[in-house]
Every structure is written in structure tokens, then in C-alpha cells.
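In what follows, chains carry the letters A, B, and so on, assigned in the order in which the sequence lines appear, proteins first and then strands, with residues in each chain numbered from 1. Worth saying up front: this structure is predicted, and the values here are computed from it rather than measured.
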There are 4 protein chains.
Amino acid sequence: MTTGEGPRRGRGRPRTPGAEERILDAALAEYGEHGWSGFTMDAVARRAGVGKSTVYLRWSDKDALLTDAVASHGLELTAVDTGSLAGDLTQLALNLLRHFHGAAGWAALRITFDTASVDDRLGDFAEAVNEVHGRQVEQICLRAIERGEMAEDIPITAVTETIYGAAMVHALSERLEARADSDVEVEARARHIVAMILPGISTMPGTT
Amino acid sequence: MTTGEGPRRGRGRPRTPGAEERILDAALAEYGEHGWSGFTMDAVARRAGVGKSTVYLRWSDKDALLTDAVASHGLELTAVDTGSLAGDLTQLALNLLRHFHGAAGWAALRITFDTASVDDRLGDFAEAVNEVHGRQVEQICLRAIERGEMAEDIPITAVTETIYGAAMVHALSERLEARADSDVEVEARARHIVAMILPGISTMPGTT
Amino acid sequence: MTTGEGPRRGRGRPRTPGAEERILDAALAEYGEHGWSGFTMDAVARRAGVGKSTVYLRWSDKDALLTDAVASHGLELTAVDTGSLAGDLTQLALNLLRHFHGAAGWAALRITFDTASVDDRLGDFAEAVNEVHGRQVEQICLRAIERGEMAEDIPITAVTETIYGAAMVHALSERLEARADSDVEVEARARHIVAMILPGISTMPGTT
Amino acid sequence: MTTGEGPRRGRGRPRTPGAEERILDAALAEYGEHGWSGFTMDAVARRAGVGKSTVYLRWSDKDALLTDAVASHGLELTAVDTGSLAGDLTQLALNLLRHFHGAAGWAALRITFDTASVDDRLGDFAEAVNEVHGRQVEQICLRAIERGEMAEDIPITAVTETIYGAAMVHALSERLEARADSDVEVEARARHIVAMILPGISTMPGTT
DNA sequence: CTATAATCGAGACGGTACGTCACGTCTTGAT
DNA sequence: ATCAAGACGTGACGTACCGTCTCGATTATAG
């Protein structure tokens with residue numbers, strides 16, 4: 001994911017340690033402020049206090065930098081473990097809604113779609129996405145099954161896709177309608193989503 | 001959405017009839033082949049066999065053309081009415097999975113995210129998306145409520161977002177993992193999705 | 001010499017008429033002010049009030065532009081005809097001393113050496129130099145021979161080379177020593193040069 | 001001219017003996033092959049098989065290196081003393097014609113013009129040129145005056161400039177016309193040049 | 001024999017200019 | 001009025017080179 005270790009044999013001046021991170025931060029900041037079409041390599045370099053060559057030594061082009069920047073900061077998602085399936089899913093939905101609402105999460109989302117549209121360089125990014133996001137729901141479900149809260153015949157990927165999709169589309173609609181939900185609204189939406197799918201996966205019919 | 005009807009008064013040479021469509025097709029093809037950053041107006045014009053002026057006479061800029069191209073081919077979704085909520089939702093999910101799997105649907109999806117990321121020109125596209133997609137689920141739910149199959153206190157947008165989201169993320173994961181689901185798998189996935197949310201919105205607890 | 005007439009069939013917007021000259025002027029001015037290493041294509045374009053593309057549409061690269069700029073303005077040399085060989089040569093020497101002393105003449109000189117060092121694109125420039133400079137002395141000598149002032153067995157190219165060389169090296173030494181000769185000194189030098197070679201080519205021995 | 005003697009006190013690793021020369025040779029070769037605009041420090045260092053620091057420890061910048069490279073190989077001119085003014089000048093002219101015809105002499109010439117075009121660092125190179133070349137003619141003339149062969153009122157610099165200029169322009173025209181004179185032609189040209197200026201500086205009118 | 005120190009090869013660094021490419025505008029002659 | 005063609009001003013792209021710097025590895029003298 002990061003840079004891919006070129007020819008490092010200890011010879012020559014080592015790459016400036018902090019540079020990688022400064023550039024990634026600058027990239028994310030520029031992207032956040034000016035969007036895709038206003039995202040300039042020169043501006044990133046200037047903001048990071050670095051020459052363009054330093055950037056291009058590490059990333060082959062604009063897309064690679066942006067993808068990496070997003071991957072490095074946009075895939076963070078705190079783990080969830082409240083003790084109950086309903087609690088876990090609600091907390092997860094809340095996290096996701098907030099994640100996709102924020103600049104980094106949204107950027108990551110967009111980049112994911114861009115990346116998935118091109119034949120090249122799929123491997124790394126896809127792996128990362130699956131690792132970080134897919135695993136999360138898997139853990140929750142496995143624990144719930146162990147506790148006997150969840151039916152065993154539910155395909156976990158379907159649960160993942162549904163919750164992620166709901167949060168994702170909600171964030172999308174928020175943006176399309178230039179709306180900014182309040183905290184209360186976000187929490188209500190999280191509860192609604194979980195209320196909708198919980199009966200379908202729970203072992204106890206009728207739970208709300 | 002369409003063309004914006006410029007100065008049409010009958011005087012002077014009329015606009016070449018087939019041009020509109022040829023350009024839109026070329027735009028979609030170019031976008032599909034090269035993605036956003038490889039999408040150029042010159043290439044579209046060349047591919048469509050027209051001059052750049054012909055393009056710019058109809059669309060104000062790149063974004064407008066691309067948005068329109070997608071809207072013209074990517075928002076087609078046949079209406080659904082099977083007589084039951086479960087049947088409607090299953091058919092809708094199936095349609096969506098197939099829609100996002102295809103080139104036009106995927107392109108529309110990608111464009112939607114791109115469009116939603118920029119501050120400008122939100123209005124038109126958002127309206128279109130809501131019109132075409134939002135209405136669909138609304139109809140289904142209203143009919144179900146009328147039939148007494150669905151609880152009245154479920155926010156319809158939540159249903160929309162969940163179903164759309166599930167289909168969307170499934171298509172995304174298909175691409176990220178370079179997978180191509182068979183017809184049977186797609187149908188199973190549609191049933192799973194509906195099975196998951198149906199108990200949560202139905203008036204009859206325990207329904208499958 | 002100029003641009004080499006590309007595909008001109010009357011279609012498309014014609015090249016802006018004045019641009020060629022404005023760019024050449026700007027190039028010469030920039031070269032004069034900042035020298036070779038301070039000569040920038042961006043600066044030339046900015047000074048000429050045109051875009052870089054307009055420049056690169058006409059000249060393939062920096063060298064080509066500079067060569068052309070110099071050729072267009074640096075080869076001007078007013079004809080000479082005073083009626084006598086001594087007068088003609090003195091006037092010519094004076095012209096040359098002043099020509100090479102000035103920015104344009106000096107630039108032309110330098111470019112000539114650069115051009116002669118590379119195997120490519122010799123043809124045009126060499127032709128121009130010979131046309132403009134070689135012809136000049138030829139005329140003078142032919143008239144002198146006709147008048148009986150000059151021996152017929154003198155190779156004219158030797159005369160050319162000697163006079164041109166003398167003026168050239170004088171200008172070179174002026175620059176190397178950061179000296180700026182006065183008008184009187186320049187005239188004296190012109191007379192000295194002619195005095196030195198006139199007896200060698202004249203039919204009347206002992207003339208000064 | 002040479003190296004500029006840095007801090008040499010005996011402590012620390014001594015400079016690699018052969019490096020100086022290898023770098024100068026590489027510089028001259030690169031200059032000869034690619035000309036000024038294709039002359040890069042990286043290429044010189046690579047060709048010489050040394051690091052860039054080794055180069056920059058010895059010369060402050062590109063110009064200094066190039067100037068020095070040329071000065072070290074391009075100013076060699078064997079002294080002349082045949083016993084007569086005519087003989088000396090003829091031999092000198094011959095030497096010059098051959099000198100400027102060769103790669104090193106031509107490179108030196110080109111560098112001289114380049115150097116003289118820039119405002120900085122004139123001193124050193126100008127001194128070198130004057131020292132090596134100017135002195136040569138001065139010696140010849142002084143001996144001739146002593147022998148009574150040459151008039152005393154002739155400005156020696158004019159003689160220098162004329163002979164040097166003639167040889168220089170001849171070499172230039174040879175290159176511009178992609179011509180390569182034979183030995184016989186070169187000797188004839190040397191005699192012609194001297195024949196042209198000898199009467200003008202000699203004390204004996206009518207001498208050939 | 002160890003410490004100090006200048007030099008070596010390599011190559012990353014902040015800059016700056018290069019020549020290319022696309023944008024959206026414009027100007028032409030033809031339809 | 002619209003068309004195909006294509007030049008225009010603008011500005012970002014990714015590359016190359018400058019002269020500087022930092023590294024670990026020599027290679028000498030000084031103590």
C-alpha cells in the first residue's frame with residue numbers, strides 16, 4: 001500500500017523521513033479544500049514544503065498519490081464491541097454514517113469507486129478495503145452467532161453490503177441534496193437501519 | 001437535463017439531427033474506456049465525428065456533457081409491480097444488481113459520486129437521481145402500505161438507501177475482487193437482501 | 001528559414017498574422033537582456049503576449065526559435081558602394097565592427113557558431129549566412145576588378161574571411177576585456193584593417 | 001584556471017589523482033557530442049565514473065568546468081620561429097587553420113564566444129586567451145620589427161585579429177558548408193591570407 | 001593503533017524550465 | 001445559424017537538470 005521499497009542498499013542520501021507523511025497530509029488537505037479538479041501536484045508539493053521531484057520519487061502520478069493519501073487516512077474505523085448484536089450494529093452504522101460524512105471518508109469512498117473502474121492497480125487497494133471494512137462486520141457477526149443472537153445461515157457479506165450500502169447512500173443523498181444532518185438525525189438513521197435488518201438476521205423473531 | 005434549448009427560431013442551418021446522440025454515445029464510451037482523468041472533449045468530438053464547436057454549442061462544459069451522457073443512458077430502470085411487497089422488492093433488487101453490474105449503470109454510479117463531490121451544479125443531477133430512483137421505491141412502499149403489508153412508521157428513504165446501498169456495494173465488491181457473479185448468484189443475493197430487510201418493515205412478524 | 005508551411009488548406013482558424021514577428025522580437029529582446037541561460041520560453045511567450053502553445057506551434061523548441069529570431073533580425077547589413085575599393089572596404093569594415101558590437105549582430109554570431117557545431121539543421125542557416133554576408137564582399141570585389149583596382153587572381157572568399165574575421169575577433173576581444181570602443185577608435189580600427197589588406201589585393205603596389 | 005587549490009593541508013584522504021583529467025576529458029567529450037544545451041553535469045560525472053560531489057569539489061559550477069576543460073586542451077598552440085616574418089605568419093596561419101579545424105580548437109572557439117556573451121567570470125578566460133594567443137603574434141611581430149621587416153606603426157592587435165579572424169571564419173565556413181579541406185587547400189589558404197596582409201605591414205613595398 | 005578528517009560513490013533534496021496536452025474560446029470558409 | 005477544422009491563452013502535467021545536502025565507505029595523517 002505505502003510505497004513499495006525501491007532499490008535500497010544504504011547508498012546515497014536516505015529519503016527524508018517525515019516527507020512521506022507531510023506529502024500525504026498536504027494531499028488530503030488540498031483535496032479537501034479544492035476538490036478533484038482543483039487538486040494540483042504543485043500545490044501539494046508547495047504545501048508540504050517539498051520539491052515536485054520529491055513527490056514524484058515516491059508516487060508515479062497524481063492518481064497514485066491521491067489513492068495512497070486516501071488509503072492512509074481514509075480507512076480508519078474504530079473497532080466496535082458493545083456486547084450485543086443490536087448494539088454493535090447500531091454503533092457500526094453510526095460510525096459509518098459519520099465516516100462517510102467526513103471529508104476523509106467520503107474521499108476514500110470516491111477513490112474506491114475510481115479505483116474499481118480501472119483495470120490496473122486493483123490488488124492493493126481492494127485488499128486494504130476488504131481487510132479494514134470487511135473484517136469489521138465479520139467479527140461482529142461471529143460474536144453474535146457465538147452468543148446465539150444471530151442465525152448461522154445468513155451470508156455475512158450480505159450483512160456487510162447492506163449496512164455499508166445504507167450508510168454510503170445516505171451520505172450520498174446528503175451531499176446530492178446539499179443537506180447536513182444533525183447528530184440526532186444521524187443517530188435516528190442508524191437506529192432505523194439496524195431496526196430494518198435486525199429482524200431479518202436475528203434468531204428471535206419480533207425483536208426491535 | 002436534456003440540451004437546454006438554445007436559440008431555435010427556424011432561421012439558419014438546423015442542427016444536425018443525429019449529432020446529439022452520437023456525441024452522448026461517444027462520451028459514455030470514452031468515459032467507460034479511460035475513466036474520468038482520461039476523458040477528453042477532443043477525443044469525444046473526434047470519436048463522434050464532429051467538431052468541438054458542435055459539442056460546445058450543446059453542452060456548456062465537460063461536466064455537463066458527462067452528466068448528461070450518463071443521465072441519458074444510465075438512469076433507465078424499468079418499473080416494478082408484482083402485486084406483493086416481497087415480490088416487488090426482490091425484483092427491484094435484481095434490477096439494481098444487474099443495473100450496477102452493467103457498464104452504463106456503473107458509469108452512472110461513478111458519475112454520481114464525482115458529481116456529489118463538487119460544490120457546483122448539484123441541482124440538476126440530484127433532482128434526476130431522486131426523481132428516477134427515489135420515486136421507484138416510494139411507489140412500491142405506498143402500494144404495500146395500502147395493502148397493509150408494510151408498517152406506516154418506516155421512513156421510506158431508509159428503505160431506499162438500504163436496498164440501493166446493498167446492490168451498489170455488491171457491485172463494487174464484484175469489481176474490486178475482479179469477480180463476475182452468475183445469474184443464479186445474483187438472484188440468490190437479491191433474495192438474501194430482501195429477506196434481511198423484509199421482516200424489519202413488514203407488518204407481519206416472522207414473514208420470510 | 002521561417003516556419004516551413006505545414007498543412008494549410010484554408011480550414012480552421014488561421015494563425016494570427018502578427019504573432020510570428022511579435023514572438024521573434026520578444027525572443028531577441030529576452031536574449032539580449034538575460035543571455036542564453038536566462039532565456040526562457042515562458043518569458044518569451046509572456047512578453048509577446050501569446051501562449052506557449054502558440055510558440056510551440058511554430059517552432060519545435062528553444063534552439064529553433066532562437067536561431068530563427070537571430071536569423072530574422074541579425075543578418076541585416078546595409079549594402080555598400082562608395083565608388084572605390086578602399087572606400088567600400090572601409091565602409092564594410094565599419095559596418096561589420098558596429099554590427100558585431102551590437103546585441104543582434106553578436107547574437108547572430110554566437111548562434112552561427114552554435115549552429116555550425118551541430119550536424120542537423122545546417123542547411124538553411126548556412127545558406128542565409130552565405131547569401132547575406134558572402135554576397136556583399138563578392139559584389140564589392142567584382143566592381144573593383146571591373147574598375148581595374150583589384151587583381152583578378154585573389155580568391156574572394158579569402159578577402160571575405162579576412163575582413164569578417166578581423167571585425168569578429170575585434171568584437172570578441174572587446175567583450176572579453178569588457179571594453180567599449182569609442183566611435184573614433186572603431187573608425188581607426190576599420191582603417192587599419194583595410195590598410196593592412198589593401199596592398200595585398202590592390203593592383204597598384206604602394207597604395208595606403 | 002587550474003583547480004583553485006582548496007584546503008590542502010595533508011590531513012584526510014587525498015584527492016584521487018586521475019580524477020581531474022578524467023573529468024576534463026569527459027566534459028570535453030560531452031560538449032563535443034551534445035553541444036552546450038545537451039551538456040549536463042550528471043552525464044559528465046557518469047562518463048568520468050565519479051560522483052557529482054567529486055566534480056563540484058573541484059569546480060564551482062558548470063561554466064567553470066567547461067571553461068577549464070576547454071582551456072586545458074584547447075589553447076595549445078606550438079610556438080613559431082622560422083626566421084622571417086612571412087615564414088612565421090604563414091606557419092602561424094597554418095597552425096591556426098588546423099587548430100580551429102580540430103575538435104578541441106573548435107570547442108575552445110565556441111566556448112570563447114559563449115563565455116564572452118555572459119557578464120560574469122570574464123576575467124580568467126579572457127586572460128588565458130590573451131596570454132596564449134595574443135602573446136604569440138606579439139613575439140612574431142616584435143622579432144620582425146627588430147629585423148626591420150615590419151613597420152613600427154602597425155597596431156599589433158590588428159594583425160592578431162586579422163590572422164586569427166581569417167582562420168576562424170575559414171573554419172566556420174568549412175563547417176557551415178559541411179566541407180573538409182585537404183592539406184593542400186589548407187596550405188594554399190594560409191599562403192593567401194599572409195599574402196594579403198604582408199604587403200600592408202611590411203616595410204618593403206611590393207614584397208610577396 | 002586509534003582518532004580525526006577530507007574525499008569518494010551514490011543519490012535524495014528544493015527549485016526551475018522544459019515540451020506536451022487539455023480546457024473552453026475564437027475565427028475561418030463551407031453548408 | 002450551424003458545421004468541421006484548428007489556432008488561441010491558460011495552466012497543470014510529468015521529466016530533466018541544477019547545485020546542495022546527506023549518507024556510509026574509503027584513505028590518508030596526527031597523536
Side-chain angles (χ1 to χ4, degrees), chain A residues 6-16 19 37-43 45-46 48-62, chain B residues 6-16 19 37-43 45-46 49-62, chain C residues 6-16 19 37-43 45-46 49-62, chain D residues 6-16 19 37-43 45-46 49-58 60-62:
Chain A
R8 304 274 42 244
R9 285 188 310 279
R11 290 226 269 198
R13 175 176 176 172
R15 296 194 171 172
T16 305
S37 56
F39 180 82
T40 295
M41 292 303 260
D42 292 75
R46 206 177 320 119
V50 141
K52 268 207 294 180
S53 52
T54 304
V55 178
Y56 279 102
L57 263 176
R58 292 166 165 75
W59 293 275
S60 63
D61 58 13
K62 199 165 147 161
Chain B
R8 306 273 35 245
R9 279 191 316 280
R11 199 111 93 101
R13 170 174 176 174
R15 292 192 172 174
T16 306
S37 55
F39 178 82
T40 64
M41 294 300 260
D42 291 85
R46 206 177 319 119
V50 304
K52 276 205 293 178
S53 45
T54 306
V55 178
Y56 279 101
L57 266 176
R58 291 165 166 76
W59 294 274
S60 61
D61 58 12
K62 191 164 152 165
Chain C
R8 306 272 42 242
R9 284 189 311 278
R11 290 225 272 198
R13 174 175 176 172
R15 297 195 170 172
T16 306
S37 55
F39 179 82
T40 295
M41 293 301 260
D42 292 75
R46 205 177 319 120
V50 305
K52 268 207 295 180
S53 53
T54 304
V55 178
Y56 279 102
L57 223 47
R58 291 166 166 75
W59 293 275
S60 63
D61 59 13
K62 201 164 145 161
Chain D
R8 307 273 34 245
R9 280 192 314 283
R11 196 108 97 105
R13 173 175 176 172
R15 294 191 172 173
T16 305
S37 56
F39 179 82
T40 65
M41 292 301 260
D42 291 85
R46 204 176 321 119
V50 304
K52 276 206 293 177
S53 45
T54 306
V55 178
Y56 278 101
L57 266 177
R58 292 165 164 76
S60 62
D61 59 12
K62 194 165 149 162

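Sequence order on DNA chain E of the closest nucleotides to A:Ala48 and C:Ala43 puts A:Ala48 first from the 5' end.
Rounded to 10 degrees, the angle separating the terminal helix axes of the helix from E:dC1-F:dG31 to E:dT31-F:dA1, each built from five base pairs, is 10°.
To the nearest 0.5 Å, the span separating CZ on C:Arg15 from CG on C:Leu57 amounts to 4.5 Å. Rounded to the nearest 0.5 Å, atoms CG (C:Asp61) and CE (C:Met41) are 7.0 Å apart.
Remark: A:Lys52 engages A:Asp42 in a salt bridge (Lys or Arg N to Asp or Glu O under 4.0 Å) (not counting sequence neighbours). Listed by chain and number, the residues in a side-chain contact (heavy atoms from CB on, under 4.5 Å) with D:Ser53 amount to none (sequence neighbours excluded). Remark: B:Ser60 pairs with B:Ala64 by the side-chain contact (heavy atoms from CB on, under 4.5 Å) rule, at least two apart or across chains.
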Check nucleotides 15-17 of chain E against the protein and report each pair of N or O atoms closer than 3.5 Å, with its distance, or say if there are none.
unit_1 : atom_1 : unit_2  : atom_2 : d
E:dG15 : O6     : A:Ser53 : OG     : 3.4

Within the sub-3.5 Å range, which N or O atoms of nucleotides 29-31 of chain E have a protein N or O partner, and how far apart are they?
unit_1 : atom_1 : unit_2  : atom_2 : d
E:dT31 : O2     : B:Arg13 : NH1    : 3.3

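What separates CG of A:Asp61 from P of E:dC21 is a distance of 16 Å, to the nearest Å. In this structure, the CH2 atom of B:Trp59 is 15 Å from the P atom of E:dC23, given to the nearest Å. What separates CZ of D:Arg46 from P of E:dG11 is a distance of 11 Å, to the nearest Å. The nearest whole Å value for the distance from the CG atom in A:Leu57 to the P atom in F:dG14 is 14 Å.
Between B:Arg58 and F:dC3, a side-chain N or O to OP1/OP2 separation shorter than 4.0 Å is present. For C:Thr16 and F:dA7, the shortest distance from a side-chain N or O to OP1 or OP2 is not below 4.0 Å.
Of the candidates E:dC8, F:dC13, F:dT20, the closest approach to any side-chain atom of A:Tyr56 belongs to F:dC13.
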